[in-house]
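Below: the structure, in structure tokens.
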There are 2 protein chains.
Amino acid sequence: MHSFTEENYLKTIYYLSARQEGEVTTNSLAEMTATKAASVSDMLRKLAEKQLIHYKKYQGVRLTEEGERLALKVIRRHRIWEVFLSEKLGFGWDEVHEMAEELEHIRSEDLVQKLDAFLGYPQFDPHGDPIPSPAGHMPTVEYTKLSEVTVGEEVQVMGVLEHSPEFLQHLDKTGLNLGCRVLVQDVNAFDKSVSVQINHEKTLFVSNEVARNLLVN
Amino acid sequence: MHSFTEENYLKTIYYLSARQEGEVTTNSLAEMTATKAASVSDMLRKLAEKQLIHYKKYQGVRLTEEGERLALKVIRRHRIWEVFLSEKLGFGWDEVHEMAEELEHIRSEDLVQKLDAFLGYPQFDPHGDPIPSPAGHMPTVEYTKLSEVTVGEEVQVMGVLEHSPEFLQHLDKTGLNLGCRVLVQDVNAFDKSVSVQINHEKTLFVSNEVARNLLVN
DNA sequence: AAAAATTTTTAGACTAGTCTAAATTTTTAT
DNA sequence: ATAAAAATTTAGACTAGTCTAAAAATTTTT
């Protein structure tokens with residue numbers, strides 16, 4: 001079995017790889033895991049020894065097939081627990097991440113499998129992120145940022161790019177929940193803020209900062 | 001906050017204290033936690049420094065009020081998770097303990113509180129053990145061992161003293177589940193084994209070893 | 001293409017929790 | 001009441017994961 005810490009590194013490498021092309025850097029990992037570059041270097045050596053990453057000194061890092069399989073397992077557990085916390089226990093989408101960070105490391109194949117069944121095999125977590133398959137495959141989703149929708153189009157909120165509680169709470173406050181319909185009425189040429197109508201009801205002004213972090217289809 | 005390991009020591013001290021009068025010994029703790037006496041000694045020093053136990057060298061150990069409060073918190077979390085695993089996910093009572101050993105350490109007051117509500121504020125875990133109150137009080141239950149029931153009495157299985165999967169699976173196999181009615185028909189004078197009728201149906205022979213570990217009322 | 005800046009790695013140290021072996025204290029047996 | 005046995009603690013070492021400071025490699029700038 002792999003340690004709590006190793007699982008977190010793999011997960012983080014996966015996320016950073018998905019975010020940009022090419023190798024993941026030591027520094028970006030240090031930032032994401034809130035440790036120092038020296039600690040990351042050390043851990044990379046260990047993960048490379050275990051064949052979980054491809055690693056050449058000074059050249060950045062990439063998951064091996066086995067490493068990606070493990071990372072997706074952890075992400076799958078994380079997201080399934082988030083669904084549980086949200087759907088069954090009534091936690092807000094701004095609260096579930098932190099608890100899932102711990103729950104994702106509970107070691108039992110059977111547990112996540114039964115939990116998945118109990119939840120009715122959900123496809124997405126409370127933030128709209130897809131749940132990897134048991135076999136370790138990440139579903140591809142094709143969403144657009146709200147900031148890129150043209151005036152007159154009506155779209156539906158499908159996910160978020162920013163997962164901080166602050167951002168999610170802001171969305172709650174303004175009523176921009178997952179699944180709500182958004183009609184783009186106007187785009188401000190100066191600051192790229194968007195004027196939208198929500199669920200054919202109230203009209204709202206959305207900053208570009210927010211619009212860039214809202215995924216729609 | 002306290003570490004995973006500290007929580008386990010406190011929990012174990014609580015269990016051993018409940019099992020016998022007086023101070024808990026270093027050796028018994030070493031056995032229970034599957035470590036060595038030397039490691040226990042070390043940890044006891046640390047727990048004493050944190051005022052979680054009363055500890056005089058060579059004299060054994062006893063929880064302080066604060067230590068007991070923490071121990072009961074952990075036990076509460078453990079048992080509530082067991083109920084969840086059993087009732088909602090369909091795990092057997094022989095399977096839940098191991099997973100709960102990990103789940104009990106998830107740090108969130110809110111989580112256990114919401115889980116408790118979701119489960120309808122259960123009073124007992126799947127083994128019949130009472131669930132401590134949120135305030136940290138262990139309900140007292142007055143059960144008798146099946147081995148001490150007199151011939152002719154009909155009782156109900158309320159709990160177990162032995163929690164090993166092997167024992168629990170044995171009970172499953174023989175149909176001695178929690179809640180089932182047991183009429184004591186005969187006690188063998190030689191080996192103290194008991195002849196019982198289950199739920200007014202089949203008759204069963206129960207060894208004294210088993211009868212001593214079955215709690216009834 | 002060399003110098004400067006940045007990034008990454010190494011070296012050495014620290015903590016929590018564990019271990020073995022040795023020393024000490026307590027208990028039991030004579 | 002002493003000797004032997006058992007239990008407990010201390011001493012010193014190990015591992016995983018972290019850190020700071022220094023060294024080395026890479027990238028950027030001039």
Side-chain angles (χ1 to χ4, degrees), chain A residues 1-13 16-17 19-63 67 70-71 74 101-102 104-107, chain B residues 1-13 16-17 19-63 67 70-71 74 101-102 104-107:
Chain A
M1 262 305 123
H2 302 93
S3 74
F4 190 105
T5 310
E6 284 172 341
E7 287 189 349
N8 280 336
Y9 271 93
L10 293 175
K11 183 183 63 170
T12 307
I13 295 168
L16 289 175
S17 296
R19 183 184 290 181
Q20 8 104 133
E21 268 313 299
E23 265 54 23
V24 173
T25 66
T26 301
N27 261 357
S28 62
L29 276 166
E31 196 190 346
M32 273 280 264
T33 55
T35 61
K36 296 301 160 78
S39 313
V40 173
S41 265
D42 241 34
M43 182 56 86
L44 293 184
R45 197 179 30 71
K46 283 186 214 165
L47 292 174
E49 256 167 44
K50 297 191 180 186
Q51 320 242 29
L52 297 172
I53 56 174
H54 296 292
Y55 174 53
K56 276 208 223 91
K57 278 193 216 172
Y58 296 100
Q59 306 301 300
V61 73
R62 191 161 46 81
L63 292 173
L70 280 171
V74 178
E101 282 289 296
E102 299 188 47
E104 72 188 8
H105 300 292
I106 306 285
R107 285 152 207 316
Chain B
M1 262 306 121
H2 302 95
S3 75
F4 190 106
T5 311
E6 284 172 341
E7 287 189 348
N8 280 336
Y9 272 93
L10 293 175
K11 184 183 63 170
T12 308
I13 295 168
L16 288 175
S17 297
R19 182 184 292 182
Q20 8 103 133
E21 269 313 299
E23 265 54 24
V24 172
T25 66
T26 302
N27 262 357
S28 62
L29 276 167
E31 196 189 348
M32 273 281 263
T33 55
T35 62
K36 296 302 160 80
S39 313
V40 173
S41 264
D42 240 35
M43 182 56 86
L44 293 184
R45 197 179 31 71
K46 283 185 214 164
L47 292 174
E49 256 168 44
K50 296 191 180 185
Q51 319 242 30
L52 298 172
I53 57 174
H54 296 291
Y55 173 53
K56 277 209 221 89
K57 278 194 217 170
Y58 297 100
Q59 306 301 300
V61 73
R62 190 162 47 80
L63 292 173
L70 281 171
V74 178
E101 282 289 296
E102 299 188 47
E104 72 189 7
H105 300 293
I106 306 286
R107 283 152 209 314

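The shown structure was predicted, so the numbers you read here are calculated from the model rather than taken from an experiment. In what follows, chains carry the letters A, B, and so on, assigned in the order in which the sequence lines appear, proteins first and then strands, with residues in each chain numbered from 1.
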Choose from [options] the nucleotide whose nearest atom is closest to any side-chain atom of [X].
X: B:Thr35; options: C:dA16, C:dC19, D:dT18; answer: C:dC19
X: B:Gln59; options: C:dT26, D:dC19, C:dT18; answer: C:dT26
X: B:Lys36; options: C:dT9, C:dG17, C:dT20; answer: C:dT20
X: A:Thr25; options: C:dT8, C:dT18, D:dG17; answer: C:dT8
X: A:Tyr58; options: D:dC19, D:dA7, D:dA25; answer: D:dA25

Mind calculating the distance between [atom1] ([X]) and [atom2] ([N]) to the nearest angstrom?
X: B:Leu10; N: C:dG17; atom1: CG; atom2: P; value: 11 Å
X: A:Glu23; N: C:dT8; atom1: CD; atom2: P; value: 12 Å
X: B:Lys56; N: C:dT25; atom1: NZ; atom2: P; value: 16 Å
X: A:Leu47; N: D:dA16; atom1: CG; atom2: P; value: 13 Å
X: A:Lys46; N: D:dT18; atom1: NZ; atom2: P; value: 8 Å
X: B:Lys50; N: C:dG17; atom1: NZ; atom2: C1'; value: 12 Å
X: A:Asp42; N: D:dA21; atom1: CG; atom2: P; value: 17 Å
X: B:Glu49; N: C:dG17; atom1: CD; atom2: P; value: 12 Å

Exercise. Heavy atoms only: give me the nearest A:Ala71-A:Leu10 pair and the separation to one decimal.
Key: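 Heavy-atom minimum between the residues: CB-O, 3.7 Å.
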Exercise. Check B:Ala30 against B:Lys36 and note the closest heavy-atom contact, atom names and distance.
Key: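 For B:Ala30 versus B:Lys36, the nearest heavy atoms are CB-C, 3.8 Å.
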Is there a side-chain contact between [X] and the phosphate of [N], meaning an N or O under 4.0 Å from OP1 or OP2?
X: A:Ser3; N: D:dG17; value: yes
X: B:Tyr9; N: C:dA16; value: no
X: A:Asn27; N: C:dT8; value: yes
X: B:Tyr55; N: D:dT8; value: no

Taking any heavy-atom pair under 4.0 Å as a contact, classify [X]: base, sugar-phosphate, or nothing.
X: B:Phe4; value: nothing
X: B:Thr5; value: sugar-phosphate
X: B:Thr26; value: sugar-phosphate
X: A:Ser39; value: base

Exercise. Among B:Thr25, B:Thr26, B:Val24, find the one that has a side chain to side chain contact (heavy atoms under 4.5 Å, CB included) with B:Val61.
Key: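 Single pass found, and it is B:Val24.
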Practice problem: Report the residue (A:Ala38 or B:Lys57) whose heavy-atom-nearest nucleotide on DNA chain D is the more 5′ of the two. | Solution: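 Result: B:Lys57.
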Quiz item: Quick one: do the B:His2 and B:Glu7 side chains pair a donor with an acceptor below 3.5 Å?
Solution: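 Looking only at side-chain atoms, B:Glu7 and B:His2 do not form any donor-acceptor pair under 3.5 Å.
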Quiz prompt | Separation of A:Leu16 CG from A:Glu31 CD (nearest 0.5 Å) | solution =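 The distance works out to 9.0 Å.
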Practice problem: Would you give the length of the straight line joining atom CD1 of A:Ile13 to atom CE of A:Met43, rounded to the nearest 0.5 angstrom? | Solution: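 Separation between the atoms: 9.5 Å.
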Practice problem: Could you let me know what D:dT29 is paired to, Watson-Crick or G-U wobble, both distances under 3.5 Å, or none if it's on its own? | Solution: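 Pair assignment: D:dT29 / C:dA2.
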